[in-house]
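A quick note: this is a predicted structure, and the numbers were derived from the prediction, not measured. Naming convention: chains lettered A, B, ... in sequence-line order (proteins, then strands); numbering from 1 in each chain.
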Amino acid sequence: MQINRRNFIAAPLALGASSLVSKYASAQGKLEDTLIIRTAGGEEEKLMIEYFFKPFSKETGVNVIPVSSSYGEMVTKVKAMFAAKRIEWDIVLHQQSDIVLPANQDIIVDLGKKCEALPNVASQNIPGACLQYGVPYNYAALVLTYNTKHFGANLPKTYADFWDVQKFPGARGMNNDGSPWRNIMGALLADGVKPSELFPLDVDRAFRKLNQIKPHVSVWWKVGGQGVEAFKSETVVFSPLYTGQSFFLKRAGLPIDYTWNEGLMNRSGYSILKGAPHPRAAAAFLNFWLSRSDEHGEFMKKAGFLTGYAKEVTPKLSPEEVHALGASAAIQDSLVKYDWDWLEPKKASLINDWNRWLAS
Amino acid sequence: MSLTELERGMRGELPKRLSLLMIMPTAALLIGVITLPTLLLLATSFTSPELGFKNYYKVNDPLYILVLFRTMIIAGATTFLAVCLGYPVAVLIARSGKIVAAVAIACVLVPLWTPVLIRSYAWIIFFQPNGLVNRYLIESQLISKPLRILYTDAAVVIALTHVMLPYMVLPIANSLKAISPDLPKAAQNLGAGAWSIFWRITLPLSLPGIFAGCLMVFVLTLGAYVTPALLGGPSTLMISTLIGQQITILLDWPFAGALSLVLVVLSLGITAVFRRLLKLERVVAYD
């Protein structure tokens with residue numbers, strides 16, 4: 001994916017966006033009255049309502065109903081909806097890896113090779129804005145986060161440093177959130193495997209390496225909030241953490257920083273469910289989401305992650321903000337990627353191996 | 001011996017047909033919304049992906065056996081702690097005046113009214129290395145290095161006991177209240193001391209309450225999900241965590257159904273054994 005820097009003239013395009021929504025609506029029929037969107041809840045949902053849901057309602061008259069649920073709840077509910085053949089949600093917010101997964105494409109709407117269903121994809125010219133079965137919601141990552149006060153001038157940079165408890169002493173934290181392939185990837189990076197050569201994952205080698213770090217990990221966080229709390233209370237001084245949370249800790253004025261180096265990609269996107277009760281309003285919202293540069297800029301600064309509107313925004317981000325949000329092509333291109341074709345069928349056995357390793 | 005309509009009426013009971021009619025809405029709700037869907041999920045564990053016991057062979061794996069065993073241990077420890085801590089509170093509630101009893105009940109119920117996430121984060125702040133417990137212990141020079149409580153089984157058992165106490169205290173208090181005050185008096189008249197009265201009268205007569213309390217605490221703890229996830233260490237894997245993974249991450253519902261059925265059968269088995277050991281029928285039949 002590339003993120004280009006372009007000059008951006010906000011006002012005419014914002015106008016253009018709104019006229020496109022109405023054009024789209026008239027071409028496809030009248031928009032429905034309501035729209036049901038899954039959100040991750042919390043502060044992020046509040047910001048979405050303020051910057052996108054309410055303005056969308058104002059412009060189109062569609063009443064947006066946000067439904068907050070955890071990732072697991074969402075996946076489970078969607079499965080149940082399709083089993084019962086009663087689809088209750090319009091738009092799901094899920095991992096981009098789930099959007100490109102062929103197995104999922106039976107349940108989400110094909111927007112066209114170039115997302116022809118969303119006029120703004122072409123008119124706004126946002127790099128990477130079309131995933132065919134969805135559009136990007138954000139570009140986040142799992143990044144090595146550390147306490148700068150604890151490490152002083154000698155700041156860690158890599159997973160090898162994370163494993164090096166002699167050179168970088170201090171309590172570690174690690175994610176235990178149902179995605180053990182991330183821990184396995186970290187272990188292999190620490191063991192000297194190049195990011196481009198991680199897949200197929202050498203699982204045995206990774207667990208041998210994980211054995212070395214296990215005694216030094218004091219917190220195995222299940223949800224990001226736990227990781228945040230562990231950093232705040234200085235229970236840990238070094239842990240992989242999701243960018244939104246690391247950003248939050250840093251912005252709160254704590255001596256916390258993070259490196260994009262060896263960051264593991266964690267991107268999410270919006271898709272429309274097949275059989276959604278309000279399909280036209282759903283498409284109109286996705287189109288709307290890919291506009292409004294001003295709102296995206298403000299939203300990013302408050303939410304702490306780069307949104308799917310991955311190009312120059314107004315008002316401009318400062319160089320520090322660009323770095324903190326990872327809002328540059330250089331950073332995004334450097335992130336460690338996954339081979340989902342390899343990973344997807346092995347998820348169950350990896351989770352089993354992980355549970356067994358943790359329990360022993 | 002069955003009662004006649006008239007006898008029922010005299011005891012303030014409703015006619016059978018009317019009482020059946022009155023429980024219909026609850027029964028319909030329970031059957032339609034809980035029992036049937038649960039049975040359907042459990043049924044898929046035998047039918048999907050193919051007819052047979054394939055999902056159950058998968059349960060027979062050292063990991064699941066170990067985790068089931070650990071789940072039982074944690075539930076057992078929580079139940080034991082809850083009885084030990086809950087019994088005196090139940091005695092206080094049963095023997096005190098209205099105001100003291102109401103305050104005690106409120107204290108016991110507060111954790112139940114607090115959402116589990118808030119409760120768990122409160123425990124995190126309480127237990128963490130520079131949290132209240134450790135700071136107090138260090139300042140009073142009882143220990144020199146912070147104790148590691150958070151993210152261990154101990155933290156999970158303490159937090160679970162905290163929230164399970166009402167399920168233990170209320171039934172015990174009820175059974176204590178039901179003991180006729182004449183019995184201890186009669187025992188005293190016959191020369192029994194305080195300990196003797198407790199061991200030979202109060203405790204045996206409160207056994208139904210203890211049994212009900214233990215059963216509820218044990219079974220509810222077996223299914224604990226959020227507390228072990230937030231306060232437990234990496235090895236504090238409980239079976240509901242693994243069932244949750246199958247449901248929400250791996251989407252293998254039939255296997256999740258198999259794990260759940262194993263848990264249900266185990267809980268029922270333990271209930272039966274418990275009943276036998278306490279010979280409850282004999283105790284309850286004092287009426």
Side-chain angles (χ1 to χ4, degrees), chain A residues 41-42 69-80 82-84 98 103-104 171 173-181 183 210 214-215 217-223 225-236 344-360, chain B residues 37 40-41 44 48 58 61-71 117-118 120-132 134-135 146 148-152 225-239 241-253 255-256:
Chain A
S69 79
S70 75
Y71 206 81
E73 269 169 15
M74 171 193 69
V75 173
T76 314
K77 277 186 185 153
V78 169
K79 183 178 160 134
F82 278 91
D98 283 341
N104 278 346
M174 254 195 150
N175 48 306
N176 175 26
D177 59 349
S179 58
W181 38 94
N183 307 67
L210 281 162
K214 199 177 182 184
V217 176
S218 10
V219 177
W220 297 89
W221 52 265
K222 286 240 166 74
V223 291
Q226 246 179 329
V228 168
E229 192 51 48
F231 269 107
K232 273 190 185 166
S233 65
E234 294 177 29
T235 311
V236 303
E344 199 57 47
K346 297 209 173 50
K347 272 186 176 174
S349 82
L350 287 179
I351 287 181
N352 240 350
D353 291 344
W354 175 256
N355 286 338
R356 198 165 289 135
W357 179 78
L358 268 186
S360 62
Chain B
L40 281 175
L41 176 71
T44 58
S48 174
K58 265 174 37 191
D61 170 308
L63 173 70
Y64 294 109
I65 306 292
L66 176 75
V67 170
L68 274 169
F69 187 69
R70 272 195 186 154
T71 308
L117 279 176
I118 293 177
S120 300
Y121 278 101
W123 280 113
I124 290 178
I125 292 167
F126 198 61
F127 282 144
Q128 65 199 10
N130 58 2
L132 271 178
N134 274 311
R135 248 186 298 162
R148 205 186 152 136
I149 314 170
L150 189 59
Y151 307 123
T152 65
Y225 183 64
V226 179
T227 308
L230 290 181
L231 297 175
S235 65
T236 319
L237 271 178
M238 287 182 71
I239 194 67
T241 310
L242 296 188
I243 295 175
Q245 276 180 351
Q246 294 298 331
I247 296 246
T248 64
I249 298 175
L250 299 170
L251 295 178
D252 190 347
W253 292 5
F255 183 48

Using heavy-atom distances under 4.5 Å, tell me whether A/Ala83 contacts chain B through its side chain, its backbone, both, or neither. neither

For each of B/Ala229, B/Ser120, B/Gly232, tally heavy-atom pairs with chain A at distances under 4.5 Å, and name the one with the top tally. B/Ala229

From B/Leu237 CG over to A/Trp354 CH2, what is the distance, rounded to the nearest 0.5 angstrom? 11.0 Å

Nearest heavy-atom neighbours spanning B/Tyr121 and A/Gln226: OH-N, 3.5 Å

Residue part contacting chain A, namely of B/Leu242, when any heavy atom lies under 4.5 Å: side chain

For residues B/Arg148 and A/Ser218, determine if any side-chain heavy atom of one lies less than 4.5 Å from a side-chain heavy atom of the other. yes

Measuring from B/Leu231:CG to A/Lys222:NZ, what's the distance to the nearest 0.5 Å? 10.0 Å

Can you tell me how far the OG1 atom of A/Thr235 sits from the CD1 atom of B/Ile124, to the nearest 0.5 Å? 9.0 Å

Taking side chain as everything from C-beta outward and backbone as N, CA, C, O, which of these in A/Val217 sits under 4.5 Å from a heavy atom of chain B? Side chain, backbone, both or neither. backbone

Tell me, side chain or backbone of A/Lys347 under 4.5 Å from chain B's heavy atoms, or both, or neither? both

Note, A/Thr76 side chain near B/Thr248 side chain (heavy atom, < 4.5 Å): yes

As an exercise, state the distance from NZ of A/Lys214 to OG of B/Ser235, rounded to the nearest 0.5 Å. 7.5 Å

Non-neighbouring partners of A/Ile351 that pass side-chain contact (heavy atoms from CB on, under 4.5 Å), sequence neighbours left out: A/Pro180, A/Trp181, A/Asn355, B/Gln245, B/Ile249, B/Leu250

List the atom of A/Ser233, the atom of B/Asn130, and the distance in Å for their closest heavy-atom pair. O-ND2, 3.0 Å

Which atoms of B/Asp252 are under 4.5 Å from chain A, going by heavy atoms: the side chain, the backbone, both sets, or neither? neither

Could you check which of B/Leu150, B/Ile247, B/Leu230, B/Leu66 has the highest count of heavy-atom pairs closer than 4.5 Å to chain A? B/Leu230

Identify which part of A/Ser179 has an atom lying under 4.5 Å from any heavy atom of chain B, answering side chain, backbone, both or neither. neither

What verdict does the side-chain contact (heavy atoms from CB on, under 4.5 Å) test give for A/Arg356 and B/Asp61, after you've listed the backbone C-alpha separation in whole Å, the side-chain angles of each residue and the deciding distance to 0.1 Å? CA-CA 10 Å; A/Arg356 198 165 289 135; B/Asp61 170 308; 2.9 Å; yes

